[in-house]
Peer 1: 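This is the structure, below, for whatever I ask next.
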Amino acid sequence: MTVTDIGSRIIKVDHAGEFGAISIYTGQIVMAKLFARDLVPELIEFRSHERGHRAIFAAELNRRGRPRCKSYWLCGSGGLVLGLVTGLLGRSAISATTVAVESVVLRHLEQQLIDLRGIDEAAVLAISAIVMEERLHHDQAASHVAQSSLWSRLLNPVVSSATEAVIWLGMRA
Ligand SMILES: [Fe+2]
Ligand SMILES: [Fe+2]
């Protein structure tokens with residue numbers, strides 16, 4: 001993998017990941033409207049952030065003349081299913097999912113920033129632009145659900161490994 005390629009690969013994977021995040025929130029919004037109405041405004045706000053993140057990465061991909069990731073639609077459909085299922089399980093499951101996903105996302109973004117610093121400043125700029133909002137999603141969701149709760153303990157390993165797998169796949173696609 002060449003040096004410039006790493007930045008483009010990361011941008012491509014992050015772009016697909018944002019579509020995954022949008023889809024998770026879409027699934028959860030559908031279910032929360034039925035089972036956890038008070039969470040709906042927050043989920044809609046988070047989804048609008050994710051749309052902004054996707055637009056940032058889309059613009060950067062476009063500038064580089066790179067196509068979207070092969071895993072783009074997988075991220076979207078997987079995210080939607082994850083959102084619908086966890087949404088069906090209720091408010092604690094919704095927040096536990098957000099905490100699990102955003103923890104993995106934050107860990108990767110921070111590593112990406114370390115790997116790309118001094119190598120690909122445009123990629124660093126795009127990633128830096130979204131980190132604060134991802135942390136907000138993590139922290140706000142974490143304030144709704146205890147890490148020791150049943151849903152956190154059940155969903156955390158499943159959601160974390162699914163998110164890791166999608167990122168792993170995307171980096172190699
Ligand atoms: Fe995002
Ligand atoms: Fe997020």
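What you see is a predicted model, and the numbers here were worked out from it, not measured in a lab. Both ligands and their constituent atoms are indexed starting at 1 by order of listing.
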Peer 1: Please name the atom of E134, restricted to N, O or S, that is closest to the Fe ion (ligand 1).
Peer 2: OE2
Peer 1: Restricting to N, O or S, what is the name of the atom of H137 that lies nearest the Fe ion (ligand 2)?
Peer 2: ND1
Peer 1: Could you tell me how the ring of F46 sits relative to the ring of Y25: parallel (under 30°), tilted (30 to 60°) or perpendicular (over 60°)?
Peer 2: perpendicular
Peer 1: Relative to the Fe ion (ligand 2), which of the N, O or S atoms in E50 is the closest?
Peer 2: OE2
Peer 1: Report, rounded to 10°, the angle at the Fe ion (ligand 1) between the two atoms OE1 (E18) and ND1 (H53).
Peer 2: 110°
Peer 1: Looking at E102, pick out the N, O or S atom nearest to the Fe ion (ligand 2) and give its name.
Peer 2: OE2
Peer 1: Can you name the residues that form a side chain to side chain donor-acceptor pair (under 3.5 Å) with R63, not counting sequence neighbours?
Peer 2: E60
Peer 1: Can a salt bridge be assigned to the pair D5 and R64 using a cut-off of 4.0 Å between side-chain N and carboxylate O?
Peer 2: no
Peer 1: Who passes side-chain contact (heavy atoms from CB on, under 4.5 Å) against L169, sequence neighbours left out?
Peer 2: L74
Peer 1: If we ignore angles and hydrogens, is there a donor and acceptor under 3.5 Å between the side chains of E50 and H53?
Peer 2: yes
